[in-house]
Amino acid sequence: LALGRTALAQAAAIAESEPSAHDAIAELEQSAVASELYGAGEVEPPFARGLAAIDRALEILPGQPAALALRARLRRMLAYDRRNRGEDVTDQVSLCIADAQRAVELAPARRDGQLELAWAYLLSGEVARGAGQDPSEQLGKAIALAQAASGIDRDPDNQVLLGLAFKVWADHQDATGEDAETNRGRALAAYTRALELDPSLGPAWQNLGIIYYTRASQPRSQHPTDDLEHAIGAFEKSRALRPNSYVAPYYLGAVHEALAQHARAHGGDPGPALARALEMYRAGLALNPGLPHLHNGISMVHVQQAEDAWERGEQPDPFLARALAAADAAVTTAPAQADGYNNRGEALARRAAYQHARGQDPRALARAAAEAYGQALARRDELAGQIEAYAAKAATLSGGSSTPAPGAGSGPSGSRTEAADDLGALRARATEVLAHTPVDLARLAGLAAAQQAYLTAYEKAETAGGPGPGGAR
């Protein structure tokens with residue numbers, strides 16, 4: 001890579017006014033960004049070099065569709081990296097979409113522009129879902145663009161794009177209590193097709209494993225252990241094909257954690273699975289020490305090991321010390337994310353509980369745990385505020401009450417009261433989630449997104465003069 005940079009820099013110095021020389025530098029740096037994104041995580045330096053090169057190419061010759069698509073790809077990768085660290089990527093996503101849209105406007109028949117715009121909409125949908133918003137519109141656009149591209153059935157990368165879009169949609173449906181199996185099945189079919197076209201495609205194996213793991217995690221999963229074993233097989237193949245990527249080790253850690261929980265629930269020994277989970281998280285951390293997800297995974301494993309040690313009559317404190325250190329590392333790497341604070345609170349709360357059981361004073365530890373939980377729950381309060389705002393808006397549909405009168409739903413105002421009824425049910429489910437400790441933030445965000453989507457659909461229908469979402473049953 002260093003030799004390539006030197007050669008291309010020399011070529012660009014000789015042909016300073018030739019945009020293709022700068023395009024070549026940007027292509028090289030984009031490859032470096034992709035490698036760092038799933039590896040060591042040093043994304044910013046190659047991104048800066050690549051952006052400078054592509055900006056120079058567009059300065060020399062504005063309106064190059066291929067250069068605009070490449071700049072969109074660079075910005076998309078930077079957004080994924082920053083998002084993984086808990087940063088706000090709204091501006092990067094907007095710039096990414098703008099570049100990709102301009103590329104399509106200039107050359108509507110070019111597949112690179114179409115597919116980069118599809119990837120940009122997919123990213124926008126993922127960001128929306130993470131913010132507690134409904135991603136359906138963005139995901140629908142991504143899927144439509146991918147399906148309209150020529151040669152879709154023969155392009156494994158395009159099948160991976162489709163699979164990811166359907167997978168994110170299914171995740172949203174899981175969080176809002178909808179039936180996600182149709183979209184999960186579509187994702188599974190897309191990944192399977194990608195691997196039929198190219199069995200050596202590491203990202204397809206990786207995402208196939210994620211689908212199996214997600215399906216195993218659902219409350220209504222019929223064969224969770226079978227799905228977890230399928231996930232392990234897929235992740236191991238991905239890991240062999242992409243040994244410098246942290247993604248497969250991270251998910252292998254999560255899968256073995258799930259197997260440990262299953263063993264504990266059925267009277268088995270969770271120890272071996274927890275040890276394997278820890279090994280995988282540490283393997284990922286060796287590749288990318290700055291990723292908070294890996295630190296949080298290690299923290300959770302140590303908390304479970306502490307619990308098992310206590311039940312065996314052994315000392316849990318060494319495990320809790322390691323859990324606390326890992327949670328602190330997660331907070332250091334991603335101070336804007338709630339998970340590290342939550343795991344810190346969990347480790348401190350367990351230590352306080354064990355002190356109390358030993359007859360010691362746990363109050364200092366309990367206060368520290370409460371402080372950590374308080375920082376984690378700031379996100380909960382934000383989502384709760386969104387839900388209350390949507391509920392207040394829903395109340396206007398039924399004349400000031402979010403709960404319709406008994407027997408309402410017939411007559412001219414039936415669609416309005418049905419809409420209020422449906423929104424009231426969503427609010428009730430959110431209230432149930434808020435009543436549990438710890439709060440399931442992903443599910444709470446999904447319910448907030450569902451309320452937002454329902455209100456938007458109702459308002460559009462009212463504007464068009466038709467029935468609201470609840471009126472077409």
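All residue numbers refer to positions in the sequence shown, counting from 1.
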- Message: Applying salt bridge (Lys or Arg N to Asp or Glu O under 4.0 Å), can you list everything that pairs with E87, at least two apart in sequence or on another chain?
- Response: none
- Task: Using a strict cut-off of less than 4.0 Å between a Lys/Arg side-chain nitrogen and an Asp/Glu carboxylate oxygen, indicate whether E44 and R82 qualify as a salt bridge.
- Result: yes
- Message: Going by the rule salt bridge (Lys or Arg N to Asp or Glu O under 4.0 Å), which residues pair with R193 if we only count those two or more places apart in sequence or in a different chain?
- Response: E196
- Message: Under a plain distance cut-off of 3.5 Å, with no hydrogens placed, do D134 and H172 share a side-chain donor-acceptor pair?
- Response: yes
- Using the test side chain to side chain contact (heavy atoms under 4.5 Å, CB included), find all partners of A275 that sit at least two apart in sequence or belong to another chain. none
- Query: Between Y251 and Q206, is any side-chain donor less than 3.5 angstrom from a side-chain acceptor?
  - Reply: no
- Polar side chain donor-acceptor pair, Q101 to Y121, under 3.5 angstrom: yes
- Item | Check ion pair R358-D317 (N to O, under 4.0 angstrom) | yes
- Item | Contacts of type side-chain hydrogen bond (donor to acceptor under 3.5 Å, both in side chains), residue R282, not counting sequence neighbours | none
- Task: Before accepting this row, confirm whether a basic side-chain N of the pair D171/K167 lies closer than 4.0 Å to the acidic partner's carboxylate O.
- Result: yes
- Query: Is it true that R276 and E236 have a side-chain N and a carboxylate O under 4.0 angstrom from each other?
  - Reply: yes
- Message: Out of the candidates R215, Q222, Q218, only one should pair with D227 under the side chain to side chain donor-acceptor pair (under 3.5 Å) rule; please name it.
- Response: R215
- Query: Taking NZ, NE, NH1 and NH2 as the nitrogens, is one of them in R73 or D112 under 4.0 Å from a carboxylate oxygen of the other?
  - Reply: no
- Task: Fit a plane to each ring of H293 and Y250, take the angle between them on a 0 to 90° scale, and name the class: parallel (under 30°), tilted (30 to 60°) or perpendicular (over 60°).
- Result: perpendicular
- Item | All salt bridge (Lys or Arg N to Asp or Glu O under 4.0 Å) counterparts of R71, not counting sequence neighbours | D55, D99
- Query: Any ring-ring contact (aromatic ring centres under 6.0 Å, His included) pairs touching residues 295-339, not counting sequence neighbours?
  - Reply: W310-Y354
- Item | Carboxylate-amine/guanidinium proximity below 4.0 Å for K141 and E137 | yes
